[in-house]
Amino acid sequence: MAHLWVPWRQNHGQEKETGGPEWAIASLGDDAGVFALTDDPREPVRVRGKGRNGSAVAYIVRQECRQSDTWILQSHETERIRVNGLPLVAGIRVLEDRDEILTRETGRIFFSTERAPKVEPFPGREEPTPCPRCKGTIFKGELSVKCPKCRTWFHQRPDMGCWGYTDKCALCDQLTRLDACFRWTPESL
Ligand SMILES: [Zn+2]
Ligand SMILES: [Zn+2]
């Protein structure tokens with residue numbers, strides 16, 4: 001799933017400790033298609049239709065595609081929103097990884113499509129699914145990792161760590177670290 005980096009204080013609705021992290025992650029989860037950016041610092045992002053706090057400044061809409069999702073920023077408030085410093089022409093814009101969204105209500109937030117790999121039971125498919133590392137079949141329910149970048153499944157059982165066998169995915173340049181570190185954060189700007 002994609003996510004937003006929001007100023008830490010907004011995400012938690014309280015003063016930031018000195019020296020604490022500057023940015024927090026607000027997930028654009030897999031189970032919804034439309035998210036609202038709100039003017040409520042306690043809930044800067046919410047699934048459309050859920051929650052009552054704050055009014056929506058803009059919407060982020062997921063268009064599901066076969067290979068990768070497309071994310072679109074929509075708002076009627078074209079004067080009050082900047083993406084990478086430019087106004088929202090025609091009230092709509094396709095978001096790209098690391099785009100900066102700026103509104104008076106939300107401050108500076110960043111959109112990111114980077115995903116962290118996670119271990120989960122293989123959901124199963126109709127066709128037998130081969131693991132690119134060991135060439136064996138991945139069976140439904142087996143602990144596995146889906147590469148967040150190329151979307152290929154690998155075994156990741158305690159006795160069969162095909163995903164973590166090397167430091168990069170066998171088929172692309174995704175790092176295999178599982179400690180959920182994102183490679184990019186706004187702090188690297
Ligand atoms: Zn394997
Ligand atoms: Zn990969």
Side-chain angles (χ1 to χ4, degrees), residues 1-13 16 21-78 80-120 123 145-153 169 172 174-175 177-189:
M1 72 194 129
H3 57 271
L4 299 174
W5 289 97
V6 298
W8 189 90
R9 184 177 161 221
Q10 289 199 349
N11 201 38
H12 295 261
K16 185 173 87 63
E22 300 284 340
W23 297 91
I25 290 175
S27 163
L28 302 172
D30 284 331
D31 50 349
V34 184
F35 300 85
L37 300 181
T38 81
D39 58 5
D40 180 0
R42 290 166 301 170
E43 193 187 32
V45 183
R46 65 156 187 257
V47 175
R48 186 172 73 174
K50 289 191 181 168
R52 277 175 224 109
N53 295 328
S55 51
V57 179
Y59 291 101
I60 294 180
V61 181
R62 178 212 316 269
Q63 300 271 300
E64 284 191 49
C65 303
R66 202 181 155 83
Q67 281 306 314
S68 65
D69 295 340
T70 298
W71 295 86
I72 296 163
L73 181 72
Q74 272 184 334
S75 180
H76 299 302
E77 309 282 355
T78 51
R80 288 157 59 195
I81 297 187
R82 295 278 182 279
V83 179
N84 301 329
L86 298 170
L88 201 62
V89 177
I92 192 164
R93 175 164 175 142
V94 174
L95 289 173
E96 290 181 20
D97 192 27
R98 306 182 190 184
D99 273 351
E100 179 199 77
I101 304 164
L102 176 68
T103 78
R104 198 176 55 212
E105 291 82 358
T106 61
R108 217 158 60 116
I109 60 182
F110 289 89
F111 172 77
S112 175
T113 54
E114 187 181 351
R115 292 158 174 249
K118 70 171 192 285
V119 182
E120 58 194 318
V145 168
K146 181 164 83 167
C147 173
K149 194 158 181 188
C150 69
R151 300 189 165 202
T152 308
W153 286 90
C169 171
C172 74
Q174 171 71 44
L175 299 177
R177 292 172 52 163
L178 288 169
D179 48 9
C181 286
F182 289 105
R183 281 182 291 173
W184 183 85
T185 82
E187 274 162 58
S188 42
L189 287 176

Engineer: Is there a donor-acceptor contact under 3.5 Å from the side chain of Arg108 to the main chain of Glu100?
Structural biologist: no
Engineer: Is the number of heavy atoms from other residues, nucleotides or ligands under 6.0 Å of Glu120 CD greater than 12?
Structural biologist: yes
Engineer: Report the distance from atom CZ of Arg82 to atom CG of Asp99, rounding to the nearest 0.5 Å.
Structural biologist: 14.5 Å
Engineer: Do Val61 and Gln74 have side chains that get closer than 4.5 Å, going by heavy atoms?
Structural biologist: yes
Engineer: Can you tell me how far apart CH2 (Trp153) and NZ (Lys146) are? Round to the nearest 0.5 Å.
Structural biologist: 6.0 Å
Engineer: Counting the benzene-type ring for Trp, do Phe111 and Trp5 have ring centres under 6.0 Å apart?
Structural biologist: no
Engineer: Does Ser55 offer a backbone N or O that forms a donor-acceptor pair with the side chain of Asp39 under 3.5 Å?
Structural biologist: yes
Engineer: Given side chain to side chain contact (heavy atoms under 4.5 Å, CB included), test Ile72 with Arg93 step by step and report yes or no.
Structural biologist: CA-CA 6 Å; Ile72 296 163; Arg93 175 164 175 142; over 6 Å; no
Engineer: Testing Pro7, Pro44, Pro186 for side-chain contact (heavy atoms from CB on, under 4.5 Å) with Ile109, which one passes?
Structural biologist: Pro7
Engineer: Atom CZ in Arg80, atom CD in Glu105: separation rounded to 0.5 Å?
Structural biologist: 4.0 Å
Engineer: Might you point out which heavy atoms bring Gln174 and Cys147 nearest each other, and give the distance in Å?
Structural biologist: CB-SG, 3.7 Å
Engineer: What do the steps show when you test Val94 against Thr70 for side chain to side chain contact (heavy atoms under 4.5 Å, CB included), and what is the final call?
Structural biologist: CA-CA 7 Å; Val94 174; Thr70 298; 3.8 Å; yes
Engineer: Tell me if a side-chain donor or acceptor on Thr103 pairs with a main-chain N or O of Thr106 at a distance below 3.5 Å.
Structural biologist: yes
Engineer: Minimum heavy-atom separation for Glu187 to Trp23, with atom names?
Structural biologist: OE2-CD1, 3.5 Å
Engineer: Let me confirm one number: the CG-CG distance from Leu102 to Leu88, rounded to the nearest 0.5 Å.
Structural biologist: 12.0 Å
Engineer: Roughly how far apart are Thr38 OG1 and Glu43 CD, rounded to 0.5 Å?
Structural biologist: 6.0 Å
Engineer: What pair of heavy atoms forms the shortest contact from Val6 to Ala26, and how long is it?
Structural biologist: CG1-CB, 4.3 Å
Engineer: Flag the pair Leu4 / Ile25 as yes when at least one side-chain heavy-atom distance between them is below 4.5 Å, and no otherwise.
Structural biologist: no
Engineer: So, for Leu175 and Pro117, which heavy atoms are closest and what is the spacing to 0.1 Å?
Structural biologist: O-CG, 3.8 Å
Engineer: Rounded to the nearest 0.5 Å, what separates atom OG in Ser112 from atom CG in Leu28?
Structural biologist: 9.5 Å
Engineer: What is the minimum heavy-atom distance between Ile60 and Leu73, and which atoms define it?
Structural biologist: CG1-CD1, 3.8 Å
Engineer: Can you name the closest pair of heavy atoms from Ala56 and Arg46 and give their distance?
Structural biologist: N-NH2, 4.4 Å
Engineer: Anything under 30° is parallel, anything over 60° is perpendicular, the rest tilted; go ahead and classify Trp71 against Phe35.
Structural biologist: tilted
